[in-house]
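Presented below is the structure to which this report refers.
Labels below follow one simple rule: chain letters A, B, ... track the order of the sequence lines, proteins then strands, and each chain is numbered from 1.
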Amino acid sequence: MTRAPATAGIGTGIIREWQRFTPGERLGRYAVYVVSAIAVIWSLRTIEVIPEFLYDAPAQTADLFQRMWPFDWRFWPTVLSGLVETLHTATLGTLMALVLASPVALLAARNITRSAWLNQLANLILVSSRSVNSLIWALLFVAIFGPGALAGTLAIAFRSIGFVGKLLGEAIEEAQRGPIEALTAAGASPMAILIKGYWPQVEPAFWSVALFRWDINVRESAVLGLVGAGGIGVALDTATSNLYWDQAGLVLATIFTVVVLTEIITSRIRTRII
Amino acid sequence: MTIAGALVRSTVDSRAQADASPREVVIKNLRKEYRAGQPVLRDVSVTIAGKGMTAIIGPSGTGKSTLIRCINRLVDPTSGQILFMGRDLATLKGADLRAARRMIGMVFQEYNLVERLSVIENLLCGRLGYMRWWKVFLRRFSEADVACAFELLDAVGLGDMATRRADARSGGQRQRVGICRAIMQNPDLILADEPTSSLDPKTSVEIMELLETLAAERGIPVVVNIHNVELAKRFAERVIGMSKGAIVFDGPPSALEDRHLIEIYGGKDWLEA
C-alpha cells in the first residue's frame, strides 16, 4: 500500500498513504550507500598512506614556508618577463581559440547545421580538444616546434577549442526561433540571418565565454613552463630544481596575485556585458 | 487619423498602384501534411483579393497559421499551388524564394523582434533581403532606407525611441515596430499571424487600425489570422472561416451569422452571452 490511489473516493475505506520512495527505490538507495562506502575504503587502501609522512606533514609545510620567506627579489626581473610571456600566451591562445572554435560551434549547432553527420564530426573535434590536458598538448607542441611560448600558445588554443566551441554551440542552439523566422520571412540570406539574427542573441554569451576562458588560460599557461612551453612556469621550474625556495615563493606569490586580479577584472567586465 | 496620412507620405517608393489585381493571391488545392496521411490543410483553394484586409478565423490548430506560412514558405506545402505576382510560390527555391519573400511582409503574434538590437535597426532588418551580406556586416544601410525608417517611426509615434533597445518597449510598441519592419520591405502583400493575440483590447484595436490603414492607403493586401471574431468583423472586408483544415465560410463580415460560427468553432454554448 505504498502507492496512493489516483482517485480514492471519500468514504470508500481506502487508506490514503504517501511515501517518498517505493520499496524498490529504497533498496536501490541503500545499495548506492554501501557501494560508495566500499569504494572509499578500497581507494584508501590503494593510495598507500605512509603514516610517518602524514604525521610530520605540518612541520614540513611550515619548514617550506620558512625557506620561502623572505622572497629573493633579485629574481624579480626573470619572474616579470616570465609573467608577461604567460599573459601573452594566455591572450593569444584565447584569441586563436575563439577564431578556431567559432566555425566548429556553427557546425555543432543543430539549428544551423542540419546534418547529423557534421554535428557529430564537430562534437568529435570538441571532445578531442577537451579530453587532452593542456600540459599534454604543450608536450606535443614542444616536440614539434621546440620549447618556447609558441608551443604554449598553441597548447592553450587547442585545449580551449573544446570549451569555447561547446559553450558557443549551446548558446547558438538556445537562440530564439522567432527573430530568425522573421528575418527568413523578410527574404534575408543565410549569412545575413547569421549576422543580424543569431549574432545579437549569441553576443553576450560569446564575450562571457571568451573572458571566462581567458581567466582559465592565465592559470593554465602559468604551469606550461614546467614542460618547457614558456612563461612564468619556466622560472618556477628553475627555482624548484635549484631548491631556491625563496625564488619559488616569489613566483608562487606572483601567480597567486595575478590570478586573483584576473578573476576580479573578468567578473567586473562580465557583469557589465550581460 | 494622423497615422494614415503619415504612412501615405512615407511610401518607400512611388510604385504604381493603379491596378490592384496583380497583387492577388491564388491558392489552388493547397495541402500540407506534417505527418503523412494526417493533413492539416485539406486541398484548400481560395483567391485572396489584391487589396483590402482579409481575415481568417477558426479554432486553434485548424491550419490558419499553416496556410499563411505556406504563402511565404516558412512552411513547405505538401502539394498545391500558390500563384502570386506571376509565380508559383510553392515551387521556388534558394535565391528565387528569397526574392519572393522580400515582397511579402510578415507580422507575428510574439512580434519576433531581434531583442538586443535597437528599434531603428529592427526596422532596417526589413531591408536584409535587398542587401549583400558584407553590407549587412558593416551596417552599410542606404541613406534612403535609414530616412524611410525614421519617417515610419515618426508615423507610428515611436520617433523618439529609434535608438533604444527593442526589448524595453511595451507590447503595442513592439508590434508597431514589427509592422514597420514589414513595411520597410516595400511589400506587395502583408501576412499577419495573430497580430493582436498578445495585446490588450485597446492596443489590439490600434494595431488593427494600423493594418487597416496600410491596406487602404498603400493598396497592400493584408491577410490576418485572428482569434477575435469581433475584431475580424469590424476591420476586414472579407472573412474566411476555417475548420479542420478546410474553408467552411467565405464572405463579407455582414454575412457571418451564428450558424457559421457554430460550424467553424463547434458547439454553441459559448455564443450565448
Find the one option among Lys135(B), Glu121(B), Arg102(B), Arg101(B) whose heavy-atom pairs under 4.5 Å with chain A are most numerous. Arg101(B)
Kindly list each side-chain donor-acceptor pair under 3.5 angstrom involving residues 163-174 of chain A, sequence neighbours excluded, with atom names and distances?
| unit_1 | atom_1 | unit_2 | atom_2 | d |
| --- | --- | --- | --- | --- |
| Lys166(A) | NZ | Glu170(A) | OE2 | 3.2 |
| Glu173(A) | OE1 | Arg110(A) | NH2 | 3.1 |
| Glu173(A) | OE2 | Arg110(A) | N | 2.8 |
| Glu173(A) | OE2 | Arg110(A) | NE | 3.0 |

Drop me the distance from Glu110(B)'s CD to Gln176(A)'s CD, to the nearest 0.5 angstrom. 9.5 Å
Between Cys125(B) and Ala186(A), the two heavy atoms sitting closest are O-CB, 4.2 Å
Just to verify, which of Thr184(A), Leu183(A), Ile193(A), Ile195(A) counts as forming a side chain to side chain contact (heavy atoms under 4.5 Å, CB included) with Leu128(B)? Leu183(A)
Can you see which heavy atom on Lys196(A) is nearest to which on Leu117(B), and at what distance? O-CD1, 3.9 Å
Tabulate, in ascending numerical order, the residues of residues 135-158 of chain A having at least one heavy atom closer than 4.5 Å to a heavy atom of chain B, or enter 'none'. none
Would you sort out whether Leu74(B) and Glu181(A) count as a side-chain contact (heavy atoms from CB on, under 4.5 Å), showing the intermediate values? CA-CA 7 Å; Leu74(B) 289 180; Glu181(A) 202 173 37; 3.5 Å; yes
Minimum heavy-atom separation for Ala182(A) to Arg181(B), with atom names? CB-NH2, 3.2 Å
Would you indicate whether Trp199(A), at its atom CH2, is surrounded by more than 12 heavy atoms from other residues, nucleotides or ligands within a distance under 6.0 Å? yes
Find the distance between CG (Leu194(A)) and CZ (Phe137(B)) and round it off to the nearest 0.5 Å. 11.0 Å
Side chain, backbone, both or neither: which part of Arg69(B) has a non-hydrogen atom closer than 4.5 Å to chain A? side chain
Shortest non-hydrogen contact from Gly178(A) to Asn112(B)? O-ND2, 3.1 Å
Would you mind checking which part of Arg73(B) comes under 4.5 Å of any heavy atom in chain A, side chain (CB onward), backbone (N, CA, C, O), both or neither? neither
For Arg98(B) versus Pro190(A), what's the shortest heavy-atom pair and its separation? NH1-CD, 3.8 Å
Using non-hydrogen atoms only, which part of Phe108(B) is less than 4.5 Å away from chain A: side chain, backbone, both, or neither? side chain
State, to 0.1 Å, how close Ala185(A) and Gln185(B) come at their nearest heavy-atom pair, and which atoms those are. O-NE2, 4.0 Å
